[in-house]
Amino acid sequence: MDTPENEKRSLNFIESIIEEDLRENKNEGRIHLRFPPEPNGYLHIGHAKSICLNFGLAESYNGMCNLRFDDTNPEKEDVEYVDSIKEDINWLGFKWNDQPYFASDYFDQLYDWAVKLIKDGKAYVDDQPQELIREQRGIPTQAGVESPGRKRSIEDNIKLFEGMKNGEYPDGSMVLRAKVDMTSPNMHLRDPIMYRILHKEHHRTGDKWNIYPMYDWAHGQSDYIEGITHSVCTLEFEVHRPLYNWFLDQIAENKYRPRQIEFARLNLSYTVMSKRKLLELVEDKYVNAWDDPRMPTISGLRRRGYTAGSIRAFAERIGVAKRDNVIDVGLLEFSVREHLNSIAPRVFGVLNPVKVVITNYPEGKVEDMELINNPEDAEAGSRKVPFTREIFIERDDFMEDAPKKFFRMGPGREVRLKGAYIVKCEDFAKDTNGNISEIYCTYDPDTKSGSDSSGKKVKGTLHWVSATHSFNAEVRLYDRLFSDEDPAGHKEVDFKEFLNPDSLRILPGCKLEPSLKDARIGDKFQFQRLGYFCVDKDSTPEKMVFNRTVPLRDSWGKRK
RNA sequence: UGUCCGAUGGUGUAACGGUAGCACUGCAGAUUUUGGUUCUGCCGGUCAAGGUUCGAACCCUUGUCGGACAACCA
């Protein structure tokens, strides 16, 4: 702190590698990363970890980070996804170097390099059926057998490969394979497929190509073209690294090589993180959309009310390493609360209202009570909230037979109405079903907030809204989408079996203080004593809709 | 019977051969006109066995456990 020159910030293993490279002046000291999403789905919190890592590394080491779309599979990819991905990265607050890059921009170069490999005797066309190729590959514990295509002449290979490119052959009829080693214990080195035939329109190259490169043939080469120095990816690509390096060695013209570094992907408790499963939830309508506030997508979290800052703080807190990990979803919630606590204006909203009549308060009288907007932020100022004879309080804040530790309202008890008066409960009424229908209180005029001369001390303070000035709104309460800690971790049980039936509760008749009428979509508030809420995009001038981002910590509710 | 990777409190993550620290969670207390925030304290950990060393979470060996790899997906 005061001795920064002596203090060594602890580094994660990737930072250690980078600093060592810097010391050795590798790549003339350039630091250049990339975030390479496939545009086949929406980004989720796991991607956020990767985004914060890559762009964050570029920021802290004065380097650059490219956004590159890994768009080599037109069967799954779509512009809808590239747009959402750009939006999400922007929203998180990161700037990519230059324009977004696309692997599809390198198709010509990739093709030329493939031809070079053929000419070098390092690649060949295989026209065997897919099943045969798979069989010949063998299994991890047992070597594969070589394809007859390996013996084809260079001339024939060139001709066939050209034919593939020109669309002379049907889908699946042949592939281009690298000639590496069918006996390698690493499956990825057993003559991996470089190109497949796909007569499919690509969202950027149109119908120009009838063949598309595979991931392994596209990725490292793209890194090379862009001058990437550190190619950071997740652990499942670790076994690809020898192939990544092999391909680079075939095409590189100097000693520069991008270096692939793998880290452990994020797992969150009570959450599924695979794109396939998230897509299934959307397509089969288990949730309403990709940005459903229950989704772990960046767009879902944004709509839920999460701030970019809280997600970045979360990513910082969870760290980066190579061991498998499951982060408690509570840590993500902690991160939003922490941020929202410092910035969210406090307001009154009653979710489950019950009417209180203050019998000794004059009918028709309105007092504007001065309420602090945010005790954490002196700049936030204050606002006026109207107080009247009839108000609403939270149904949960009243108990007919209240235990000793219950600090709220009950027959004969005194509580403070925050920012207003201390009231005493004198009586209550029930409807025919036995539910409390009205509560009758008296107030003490000497206890007005800010000018209390009574000397009274009470245990409980309640939020409230004026029955005549508040307005109705819909509030949506969210709970975790899955009831199991690891919904995707059960071999015998489909993850959808663990869907929480109460993940969304809609409260149609909530009562909000009048100042909230001016709130706009995305605005965030602390509904005092309840939690953090934001205005949902479903809001209309007639009916406002609020999402509960996260409840406040509740040491009372936990105890019960 | 294959190759690669990993193993530090309940959960994450540091310690780079020299006092096992930090965050979240949990528990206890203080403050509080939010049972919020803030503050204080506490509980709790190096997978196992050998070896190297004055000294090992860290280096070596063996074992155990976990993960990844057998799409014309990325």
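Letters A, B, ... are given to chains in the order of the sequence lines, protein chains preceding strands, and every chain is numbered from 1. Given the structure is predicted, the values throughout are model-derived calculations rather than measurements.
- Relative orientation of the A:His219 and A:Tyr244 rings is tilted, given thresholds of 30° and 60° on the angle between their planes.
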Pairs of donor and acceptor atoms involving the side chains of residues 338-351 of chain A, under 3.5 Å and at least two apart or interchain, shall be tabulated with distances.
residue  : atom : partner  : partner atom : Å
A:Glu338 : OE1  : A:Arg317 : NH2          : 2.7
A:His339 : ND1  : A:Thr307 : OG1          : 2.5
A:Asn341 : OD1  : A:Arg346 : NH2          : 2.7
A:Ser342 : OG   : A:His339 : O            : 2.7
A:Arg346 : NH1  : A:Asn341 : O            : 3.0
A:Arg346 : NH1  : A:Ala344 : O            : 2.9
A:Arg346 : NH1  : A:Asn374 : OD1          : 3.0
A:Arg346 : NH2  : A:Asn341 : O            : 3.4

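- In terms of position along RNA chain B, the nucleotide closest to A:Lys418 lies nearer the 5' end than the nucleotide closest to the other residue of the pair A:Glu75 and A:Lys418.
- Not counting sequence neighbours, A:Glu162 has no partner by the side-chain hydrogen bond (donor to acceptor under 3.5 Å, both in side chains) test.
- Judged as a side-chain hydrogen bond (donor to acceptor under 3.5 Å, both in side chains), and not counting sequence neighbours, the contacts of A:Glu80 are A:Tyr42.
- For the pair A:Lys524 NZ and B:G36 C1', the interatomic distance rounds to 20 Å; values are reported in whole Å.
- Considering only heavy atoms from C-beta on, A:Val423 stays 4.5 Å or farther from A:Val356 through its side chain.
- A salt bridge links A:Glu280 and A:Arg276; the closest N-O separation between the charged side-chain nitrogens and carboxylate oxygens is under 4.0 Å.
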Please report the C-alpha distance between A:Lys76 and A:Glu38 in whole Å, then the side-chain angles of each, then the deciding distance to 0.1 Å, and finally whether the salt bridge (charged side-chain N to carboxylate O under 4.0 Å, His left out) criterion is met.
CA-CA 9 Å; A:Lys76 292 185 180 169; A:Glu38 182 189 14; 5.9 Å; no
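- A:Tyr101 does not carry A:Arg34 over the face of its six-membered ring by the limits of under 6.0 Å from the centre and within 45° of the normal.
- A gap of 24 Å separates the C1' atoms of B:C22 and B:A30, to the nearest Å.
- Listed in residue order, the members of residues 209-219 of chain A having a heavy atom less than 4.0 Å from RNA chain B are A:Pro213, A:Met214, A:Tyr215.
- Taking the side chain of A:Thr72 as heavy atoms from C-beta on, and the options B:A14, B:U34, B:A74, the nearest nucleotide is B:A74.
- Following rounding to the nearest Å, A:Leu552 (CG) and B:U37 (P) show an atom-to-atom distance of 7 Å.
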Pick out the pairs of N or O atoms, protein on one side and nucleotides 43-46 of chain B on the other, that lie under 3.5 Å.
none

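- For A:Asn73, there are no side-chain hydrogen bond (donor to acceptor under 3.5 Å, both in side chains) partners two or more places apart in sequence or in a different chain.
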For nucleotides 1-6 of chain B, give me one character per nucleotide, 5' to 3': B if any protein heavy atom sits under 4.0 Å from the base, S if the only such contacts are to the sugar-phosphate, - if neither.
-BS-SS
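- Within the structure, no pair that satisfies the salt bridge (charged side-chain N to carboxylate O under 4.0 Å, His left out) test touches residues 164-174 of chain A, not counting sequence neighbours.
- Separating the C1' atom of B:C27 from that of B:G10 is a span of 13 Å, rounded to the nearest Å.
- Side-chain N/O atoms of A:Asp127 and A:Tyr169 include no donor and acceptor closer than 3.5 Å.
- A salt bridge is absent between A:Asp446 and A:Lys456; no separation between the charged side-chain nitrogens and carboxylate oxygens falls under 4.0 Å.
- Ring geometry for A:His47 versus A:Phe35: interplanar angle over 60°, hence perpendicular rather than tilted (30 to 60°).
- Ring geometry, A:Phe161 versus A:Tyr111: the interplanar angle falls under 30°, so the pair is classed parallel (tilted spans 30 to 60°).
- One C1' atom belongs to B:G9, the other to B:G26, and the distance between them is 12 Å to the nearest Å.
- For A:Phe406, the side-chain atoms get nearest to B:G35 when compared with the rest of B:U33, B:A74, B:G35.
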Pairs counted as Watson-Crick or G-U wobble with both distances under 3.5 Å: what dot-bracket string results for RNA chain B, using | for bases tied to another strand?
.((((((..((((....[..)))).(((((.......)))))....(((((..]....))))))))))).....
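- For B:A71, the base is syn relative to its sugar; the glycosidic angle is within 90° of 0.
- Qualifying side-chain hydrogen bond (donor to acceptor under 3.5 Å, both in side chains) partners for A:Asn157, counting only residues two or more places apart in sequence or in other chains: A:Arg152.
- Nearest to the side-chain atoms of A:Asn325 among the listed nucleotides B:U33, B:C73, B:G12 stands B:G12.
- Using a 4.0 Å cut-off, some side-chain N or O of A:Ser555 falls inside it from OP1 or OP2 of B:G36.
- The residue among A:Arg137 and A:Gly419 whose nearest nucleotide of RNA chain B lies closer to the 5′ end is A:Gly419.
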Output one letter per nucleotide in nucleotides 21-26 of chain B: B when a protein non-hydrogen atom lies under 4.0 Å from the base, S when only the sugar-phosphate is that close, - when neither is.
--SSSS
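- Contacts between residues 367-384 of chain A and RNA chain B, defined by a heavy-atom separation under 4.0 Å, are made by A:Pro375, A:Glu376.
- Taking only side-chain nitrogens and oxygens, A:Arg190 never comes nearer than 4.0 Å to OP1 or OP2 of B:A71.
- You'll find a donor-acceptor pair under 3.5 Å spanning the side chain of A:His240 and the base of B:A74, going by distance alone.
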